[in-house]
Amino acid sequence: MLGVAVLAGLVWVLGPGAAWVLVHFDGVTLTGKDLAGVLDAIRGRALAITTGLVALVAVYYTARNADTALRSRTRPQPPGSGPKASRSSTRTPPGCGFSA
């Protein structure tokens with residue numbers, strides 16, 4: 001839900017929201033080339049912040065995934081589920097011409 005809100009905010013700032021931010025947060029009214037440059041800077045800042053948030057979520061997800069993998073690797077296994085149990089099922093049935 002939070003991701004949808006961030007995406008909606010980014011789309012809004014990339015569109016008409018940049019001019020709104022300029023007027024209401026910065027209190028600046030510009031025209032012409034100056035307006036285009038400032039709007040471009042606001043949109044660039046919004047993209048940089050969103051990229052940082054996405055990178056933060058990716059790092060968090062990767063760390064959680066690595067921690068879960070490490071915990072499952074060090075957790076004791078129940079009896080009968082070790083490597084010996086899986087090897088016994090790879091034997092060839094008698095009469096196939098191969099000896100196990």
Contacts table for residues 36-60: side-chain donor-acceptor under 3.5 angstrom, sequence neighbours left out:
from	atom 1	to	atom 2	distance (Å)
Arg43	NE	Leu14	O	3.0
Arg43	NH2	Gly15	O	3.1
Thr50	OG1	Ala46	O	2.8
Thr51	OG1	Leu47	O	2.7

With a cut-off of 3.5 Å and sequence neighbours excluded, list every side-chain donor-acceptor pair involving residues 4-13.
none

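In this view, Asp67 and Arg71 satisfy the salt bridge (Lys or Arg N to Asp or Glu O under 4.0 Å) rule, not counting sequence neighbours. Residues passing the side chain to side chain donor-acceptor pair (under 3.5 Å) test with Trp20, sequence neighbours excluded: His24. The ring-ring contact (aromatic ring centres under 6.0 Å, His included) test applied to Tyr61 returns no partner, not counting sequence neighbours.
Closest approach of Leu22 to Leu35, counting heavy atoms only: CD2-CD1, 3.6 Å.
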